[in-house]
Amino acid sequence: MQWKQGTAVLEVIQGDIAAQPDIDVVVNAANAQLETGGGVAGALHRAAGPELAEAGRSYAPVQPGEAVMTDAFSLPNKAVVHCLGPVYGRDEPSDVLLASCYSGALRLADKEGYTSIAFPALSTGAFGYPLEEAIHAAVPTVLEALRSLEHVTFVRFVLFSNSDKDAYIRELEFQIGPG
Ligand code: AR6
């Protein structure tokens, strides 16, 4: 499902963040060491190959809310932005830190001249962030950031489950209108 916002397009799909070949930049739900892990990080590191963890070493450790960019190696994308989302109930203020992941990722992608980016639902797996709360940090931040970007004109939210996808669709319908 898609929405238009100014000159940009936002899309919500159910899928695997490691299988988005038409997207320039994919966002990783990273750990502080930028090593492989479970969930999103596991899927991206498996598909990218061991060079992804090697490339991350020079940036580690990253802080909650921080985003850094590396090559995508064997992934079908041009770059990966690694965001360390907040651990819910520990890293505060969690909404500010989570929003900073989204705005930081968009800024990094835009600075390199990339035009498309795909986000998973950062922090909502192992880091325990309730999905609805995470959506309220993620979606308005992306909508606001898009206004000041030069190159990024396509944002895809890739959700693992159908119910997560439906929750994103509800929020975008609320924020923008029918898709
Ligand atoms: N594609 C899209 N979404 C996915 C995928 C996938 N392949 N796999 C899981 N999800 P998580 P976090 C969903 O745990 O909460 C890692 O081990 C998942 O259902 O990947 O930020 C790292 O190493 C959930 O909704 O990220 C860190 O230590 C969402 O993506 C830690 O977990 C995020 O789940 C990061 O935890």
Is it true that a side-chain atom of [X] and a backbone atom of [Y] form a donor plus acceptor pair closer than 3.5 Å?
X      : Y      : value
Asp164 : Leu159 : no
Asn77  : Val26  : no
Trp3   : Glu11  : no
Asp91  : Val87  : yes
Glu92  : Ser94  : yes
Glu112 : Leu108 : no
Ser116 : Asp24  : yes
Ser100 : Val96  : no

For [X] versus [Y], what's the shortest heavy-atom pair and its separation?
X      : Y      : answer
Ser74  : Ala47  : CB-O, 3.3 Å
Ala18  : Ala43  : CB-O, 3.7 Å
Ala48  : Ala72  : CB-O, 3.7 Å
Ala137 : Ala99  : O-CB, 4.2 Å
Ala167 : Leu131 : CB-CD2, 3.7 Å
Gly37  : Ala41  : N-CB, 4.0 Å

Val155: which of Val9, Ile23, Leu106 passes side-chain contact (heavy atoms from CB on, under 4.5 Å)
Leu106
Contacts under 3.5 angstrom, residues 62-71 side chains, donor-acceptor by atom type, not counting sequence neighbours:
residue, atom, partner, partner atom, Å
Glu66, OE1, Gln63, N, 2.8
Thr70, OG1, His82, NE2, 2.9

Above 12 or not: heavy atoms from other molecules or residues under 6.0 Å from NZ of Lys4?
yes
Set out, in order, the CA-CA distance, both residues' side-chain angles and the distance that settles ring-ring contact (aromatic ring centres under 6.0 Å, His included) for Tyr88 and Phe127, then state yes or no.
CA-CA 6 Å; Tyr88 192 73; Phe127 285 176; over 10 Å; no
Common cluster, [X]/[Y], ILVMFWY with side-chain heavy-atom separation under 4.5 Å:
X      : Y      : result
Leu34  : Val81  : no
Leu122 : Ile13  : no
Phe157 : Ile169 : yes
Val158 : Leu98  : no
Ile17  : Phe73  : yes

Straight-line distance of [X] [atom1] to [Y] [atom2], nearest 0.5 Å:
X      : Y      : atom1 : atom2 : result
Phe154 : Leu146 : CZ    : CG    : 11.5 Å
Glu35  : Leu52  : CD    : CG    : 11.5 Å
Glu133 : Ile135 : CD    : CD1   : 11.0 Å
Ile176 : Gln2   : CD1   : CD    : 11.0 Å
Leu97  : Tyr102 : CG    : OH    : 13.0 Å
Gln5   : Thr153 : CD    : OG1   : 13.0 Å

Taking the side chain as C-beta and beyond, is there a heavy-atom pair between [X] and [Y] under 4.5 Å?
X      : Y      : answer
Pro86  : Tyr129 : yes
Val80  : Val27  : no
Gln175 : Leu143 : yes

Non-neighbouring partners of Tyr114 that pass ring-ring contact (aromatic ring centres under 6.0 Å, His included), sequence neighbours left out
none
Do the side chains of Arg170 and Glu132 get close enough for a salt bridge, i.e. N-O under 4.0 angstrom?
yes
Excluding sequence neighbours, so at least two apart, what forms side chain to side chain donor-acceptor pair (under 3.5 Å) with Ser163?
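Testing Ser163 for side chain to side chain donor-acceptor pair (under 3.5 Å), a comparison that skips the adjacent residues, returns Ser161.
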